[in-house]
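Okay, structure first, notes after.
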Amino acid sequence: MLERQATKLLARQASADATSAHPATPRLSASLMIVYPLKTPASDGYNYRILLLQRTKKTSFSSAYVFPGGNVDRAADEVLAARLVPQELESATLRICAIRETFEECGILLARDAQGRRIEWPGNGDSKLAWRERVHDDASQFAELLKELDATPSLDLLAPRANWTTPVIMPTRWDTTFYWTILPPVENDAALTPEVVSDGKETVLAAWYTPREAVEAAYARKIILAPPQVYLLAELIQDKDYRALLHDKYARVPRARSRLVINFTPRFATVPSDEGGEDVFACLYPGDAFYEGEELASVDDPRRHRLYMLPAQKNQLVGIVRKNLGTEWGVEWSDFVYGSSSLPPPRAKL
């Protein structure tokens with residue numbers, strides 16, 4: 001039996017499908033997955049971790065763990081992009097937004113000095129905190145920071161990973177481009193991850209997880225992960241070596257792989273369970289055999305691209321499946337499965 005919240009979402013989806021009402025215009029935003037290589041692998045065998053920030057209860061995505069990121073400030077991000085890379089204005093604007101928000105939210109600054117070297121913060125922690133607060137209060141101050149440091153943002157180190165648009169039935173929507181970047185390891189402190197401090201305004205905690213640690217914590221209901229974050233982490237579970245994430249494993253500067261970016265605008269539906277039994281509630285993504293509607297789907301179509309969740313329990317993860325999309329979209333979209341369409345284990349305290 002479907003939970004009440006799932007039934008409400010399905011009703012809103014059916015209403016949106018049946019009418020020509022215009023959905024809310026999504027806000028343009030950018031987010032950054034930060035990968036940090038480890039010289040000593042974690043206990044689960046991964047030699048890298050990914051940064052997650054816990055949102056405060058009073059912000060959007062209350063208490064959820066997210067990647068650094070936020071809304072594009074055109075008066076700041078686009079103006080800076082026009083000055084630096086006018087020929088790639090849209091892409092540069094999104095990358096600058098991701099870099100600016102990352103510095104503001106956790107203090108990591110992805111920028112180079114005049115000699116092309118990665119910026120090492122010249123002052124103490126107090127001076128960095130002061131700049132983070134200035135940028136938080138006025139996004140245009142990020143350009144002033146770069147000017148003071150004689151630095152340029154490292155736009156080329158951000159590789160596009162995904163594009164997610166909030167479902168049309170939601171009153172507030174975002175059009176978010178997700179990038180990822182790979183930090184160079186700290187040579188003299190191999191076992192530790194870089195020190196990061198949440199901003200205390202929009203986020204309350206900064207923590208480094210392996211992909212498996214994060215997804216299993218969400219599955220066990222120990223942390224909250226929104227669908228984009230849990231999906232992007234789950235597809236990395238099969239890659240324990242960070243070198244598998246590199247564009248060129250022999251390059252001096254580590255760069256993450258790029259891939260064909262598909263816009264995900266999720267749809268909610270009940271679909272036949274591949275495990276048999278009753279139909280199940282799912283969040284469907286482009287490429288799934290049922291994404292365009294059950295009336296257009298074929299029971300013999302093997303394409304699956306969906307997330308099973310419990311909306312009434314803060315979108316609790318149940319399972320994810322992506323199958324038979326690689327031929328059309330490329331090897332970066334190969335098959336992966338996590339969990340199932342069945343109910344998850346008993347609730348743990350959040």
Side-chain angles (χ1 to χ4, degrees), residues 2-31 55 59-62 64 66-67 69-74 90 93-94 97-98 160-179 218 224-232 234-235 260-272 279-298 301 303-322 325 328-329 333 341:
L2 290 176
E3 57 178 16
R4 183 180 301 176
Q5 185 62 24
T7 302
K8 289 181 178 179
L9 288 174
L10 290 171
R12 289 165 62 186
Q13 184 72 67
S15 176
D17 293 344
T19 68
S20 57
H22 295 291
T25 301
R27 304 174 185 177
L28 198 62
S29 62
S31 187
R55 301 281 289 178
T59 60
S60 56
F61 308 105
S62 172
V66 300
F67 309 125
N71 294 332
V72 168
D73 187 315
R74 291 196 178 276
E90 181 177 355
T93 298
L94 289 166
C97 172
R161 189 68 181 163
N163 176 253
W164 228 279
T165 302
T166 312
V168 297
I169 66 173
M170 298 302 181
T172 304
R173 305 177 65 221
W174 286 268
D175 176 355
T176 305
T177 299
F178 290 86
Y179 296 93
I224 301 168
L225 288 175
Q229 281 77 17
V230 77
Y231 180 104
L232 292 170
E235 66 176 348
L260 174 69
V261 172
I262 308 295
N263 172 261
F264 289 7
T265 302
R267 298 185 71 258
F268 300 109
T270 51
V271 293
D279 288 358
V280 292
F281 176 80
C283 181
L284 302 180
Y285 301 123
D288 191 282
F290 290 81
Y291 181 77
E292 299 296 339
E294 187 172 2
E295 67 279 1
L296 300 176
S298 167
D301 191 331
R303 296 175 301 153
R304 296 291 182 269
H305 198 197
R306 59 185 63 166
L307 183 149
Y308 301 110
M309 63 183 187
L310 301 175
Q313 299 182 28
K314 299 182 179 180
N315 293 335
Q316 162 63 35
L317 171 67
V318 177
I320 310 174
V321 57
R322 184 175 75 202
L325 301 179
E328 181 179 356
W329 292 358
W333 296 96
S341 61

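Checked against ring-ring contact (aromatic ring centres under 6.0 Å, His included), Tyr231 has the following partners two or more places apart in sequence or in another chain: Trp164, Phe264, Tyr285, His305, Phe336. For Arg27, there are no salt bridge (charged side-chain N to carboxylate O under 4.0 Å, His left out) partners two or more places apart in sequence or in a different chain. Every residue two or more places apart in sequence or in another chain that forms a salt bridge (charged side-chain N to carboxylate O under 4.0 Å, His left out) with Arg303 is listed here: Asp301.
Pro167 and Pro266 get closest at one heavy-atom pair: CB-O, 3.6 Å. Nearest heavy-atom pair across Ala162 and Val261 is C-CG1, 3.7 Å. Listed here is the closest heavy atom pair of Tyr179 and Ala98: CD1-CB, 4.4 Å. Nearest approach of Ile262 to Pro286, heavy atoms of both residues: CG2-CB, 4.5 Å. The two residues Cys97 and Gly70 have their closest heavy-atom pair at SG-O, 3.4 Å. Scanning all heavy atoms of the two residues, the minimum distance from Leu232 to Arg161 falls at CD2-CG, 4.0 Å.
A 4.5 Å side-chain heavy-atom check between Val321 and Tyr308 finds at least one atom pair inside the cut-off. Between Glu235 and Ile320, the closest side-chain pair of non-hydrogen atoms is not below 4.5 Å. When side chains are defined from C-beta on, Leu317 does not count as touching Leu225, because their heavy atoms never get closer than 4.5 Å. Side-chain contact between Val318 and Phe281: absent, with no pair of heavy atoms (C-beta onward) separated by less than 4.5 Å. The shortest distance between side-chain heavy atoms of Trp174 and Ser31 does not fall below 4.5 Å. Within the 4.5 Å cutoff, the side chain of Cys283 has heavy atoms near those of the Phe268 side chain. Counting heavy atoms from C-beta on, the side chains of Tyr291 and Val271 never come closer than 4.5 Å.
The main-chain N or O of Thr166 is found under 3.5 Å from a side-chain atom of Arg173 such that the two form a donor-acceptor pair. The backbone N or O of Ser29 lies less than 3.5 Å from no partner atom in the side chain of Asp175, so there is not a single donor-acceptor pair. With Trp333 contributing its side chain and Leu260 its backbone, the two residues share a donor-acceptor pair below 3.5 Å.
Just one of Arg322, Arg267, Arg306, Arg304 meets the side-chain hydrogen bond (donor to acceptor under 3.5 Å, both in side chains) condition when paired with Asp288; it is Arg306.
Between Gln229 atom CD and Ile224 atom CD1 the span is 12.0 Å, to the nearest 0.5 Å. Once rounded to the nearest 0.5 Å, the distance linking OG1 of Thr265 with CG of Asn163 reads 7.5 Å.
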Practice prompt. Apply side chain to side chain contact (heavy atoms under 4.5 Å, CB included) to the pair Thr177 and Leu28, showing each step before the final yes or no.
Written response: CA-CA 8 Å; Thr177 299; Leu28 198 62; 5.8 Å; no
